[in-house]
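In what follows, a structure is listed as C-alpha cells, so that the remarks can point back to it.
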Amino acid sequence: MSDLQTVDPEVSRVKFARELANYRSMESAFRKKGWFLLDAEFPEFFVVFAATKLRPSPIVAAVVLDFTNYDLQPPSVTFVDPFTREPIQAKSLLVQMLRRPGGLSPEAFATMAQQGVAQPSQMIQSDSLEDQPFICLPGVREYHDNPAHTGDSWLLHRNCGEGSLAFILEKIWAYGVNPLAHYQVLAQAPAINMALSLTAIPE
C-alpha cells in the first residue's frame with residue numbers, strides 16, 4: 001500500500017515517531033471518542049473508529065494512514081476493512097463525511113435540510129461505487145495529488161498542523177463519526193441503519 005520512500009528514511013521515521021508520541025499523550029481522550037490505534041509501524045498507522053453515541057457502539061470506519069515521505073508529502077489515507085485491513089470500495093463505506101454550508105447555524109441547516117432546500121457537501125469522493133474512496137481535505141495526499149487542486153499546494157499547509165495524525169483523525173471523527181446519533185429501524189423491510197443528527201454536522 002505504501003509508496004516508494006524517496007525522502008531520507010530516518011527523517012520520516014523521526015517525524016512518524018513524533019506523531020505517534022503526540023497520539024499516545026492523548027490516547028485516553030481519543031479512546032473516549034471511539035478512536036483505537038491498532039497498529040503503528042513505520043510508515044503506517046492503522047486506526048478504527050466506533051460510534052460511541054450508539055448502543056451498542058459499532059465500528060463504523062477504519063483507515064490506514066501512510067506516512068511515506070512525510071512531511072515532504074502529506075499522509076495518504078485509505079479506508080480499509082477493520083478486520084482484514086484490505087482497502088474497501090466506496091459502496092462498502094458505513095460513514096459519510098458531511099460538511100454544513102457556511103453561514104448556517106446547526107439549527108437553521110437542520111430545518112432547511114429537512115425541507116430539501118439545503119444539502120451538506122460530501123468530503124469523501126470516489127469515481128464510482130466500485131472505486132476506493134478518498135478524503136477531499138487539505139493535508140491528505142489524495143487531495144493534493146488531485147489535478148483539481150493543483151493550486152492548493154501541500155507546502156501551503158505543511159506548517160499549519162494540517163496533515164498531522166491527530167488533525168486527520170479529528171476530521172474523520174467530527175465530520176463522519178460524531179454525527180451518527182442513533183439507530184434507524186426500517187420495519188417495512190427489516191433493516192437497521194445508522195441515522196445522522198443534522199445539527200451535529202460541522203461547517
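Looking at every heavy atom in both residues, T199 comes nearest to P106 through O-CB, 3.3 Å. Residues P82 and F46 approach most closely at O-CZ, 3.6 Å, considering heavy atoms. Of all non-hydrogen atoms in A181 and L54, the two that sit nearest each other are C-CD1, 3.7 Å. Residues A40 and F45 approach most closely at CB-CD2, 3.6 Å, considering heavy atoms. Shortest non-hydrogen contact noted between P56 and Y183 is O-OH, 2.6 Å. Pairing each heavy atom of A118 with each of L104, the nearest pair is CB-CD1, 4.4 Å.
From S197, atom OG reaches atom NE2 of H182 across 8.5 Å, with rounding to the nearest 0.5 Å. Between the CZ atom of F67 and the OG atom of S164 there is a distance of 7.0 Å, given to the nearest 0.5 Å.
Side-chain atoms of H144 come within 3.5 Å of backbone atoms of G139 as a donor-acceptor pair (strictly under, hydrogens ignored). With R99 contributing its side chain and S121 its backbone, the two residues share no donor-acceptor pair below 3.5 Å. Of the possible polar contacts, one joining the W173 side chain to the K33 backbone as a donor-acceptor pair under 3.5 Å is found. Panel note: side chain D81, backbone E86; no donor-acceptor pair is recorded below 3.5 Å. The backbone N or O of E203 lies less than 3.5 Å from a partner atom in the side chain of Y175, making a donor-acceptor pair.
One hydrophobic cluster holds both L94 and L169 under the rule that ILVMFWY side chains link at heavy-atom gaps under 4.5 Å. Residues L156 and W154 fall into different hydrophobic clusters, defined by Ile, Leu, Val, Met, Phe, Trp and Tyr side chains chained together at heavy-atom separations under 4.5 Å. Note on V95 and F83: separate hydrophobic clusters, where clusters join Ile, Leu, Val, Met, Phe, Trp and Tyr whose side-chain heavy atoms are under 4.5 Å apart, directly or indirectly. L129 and V80 are members of different hydrophobic clusters when ILVMFWY side chains are connected at heavy-atom separations under 4.5 Å. Note on M123: it does not cluster hydrophobically with F134, by side-chain heavy-atom contacts below 4.5 Å among ILVMFWY residues.
Within the 4.5 Å cutoff, no side-chain heavy atoms of L98 are placed close to those of P179. Side-chain contact between E162 and L137: absent, with no pair of heavy atoms (C-beta onward) separated by less than 4.5 Å. Side-chain atoms of F109 and P101, non-hydrogen and from C-beta on, do get closer than 4.5 Å to each other. Between V140 and P74 there is no side-chain heavy-atom pair separated by less than 4.5 Å.
Around the CD atom of E41, the shell of radius 6.0 Å holds no more than 12 heavy atoms that belong to other residues, nucleotides or ligands. By the 6.0 Å contact criterion, CG on D39 is enclosed, its count of non-hydrogen atoms from other residues, nucleotides or ligands being greater than 12.
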Quiz item: Between N178 and K53, does a side chain to side chain contact (heavy atoms under 4.5 Å, CB included) hold up when you go through it step by step?
Solution: CA-CA 8 Å; N178 189 50; K53 292 180 183 177; 3.2 Å; yes
Exercise. Show your reasoning for whether side chain to side chain contact (heavy atoms under 4.5 Å, CB included) applies to H157 and D152.
Key: CA-CA 9 Å; H157 301 269; D152 194 11; 2.7 Å; yes
Practice problem: Starting from the C-alpha separation in whole Å, work towards a yes-or-no answer on side chain to side chain contact (heavy atoms under 4.5 Å, CB included) for F79 and I124. | Solution: CA-CA 10 Å; F79 285 97; I124 299 177; 3.7 Å; yes
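Considering M97, K171, E142 in turn, M97 is the only one that fulfils the side-chain contact (heavy atoms from CB on, under 4.5 Å) rule with I135. When E44, Q73, R141 are each tested for a side-chain contact (heavy atoms from CB on, under 4.5 Å) with T68, only one passes: R141.
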Atom pairs and distances, side-chain donor-acceptor, residues 15-22, under 3.5 Å, sequence neighbours left out:
{"residue": "K15", "atom": "NZ", "partner": "D71", "partner atom": "OD1", "Å": "2.6"}
{"residue": "E19", "atom": "OE1", "partner": "L165", "partner atom": "N", "Å": "2.8"}
{"residue": "E19", "atom": "OE2", "partner": "Y70", "partner atom": "OH", "Å": "3.4"}
{"residue": "N22", "atom": "ND2", "partner": "R18", "partner atom": "O", "Å": "3.4"}

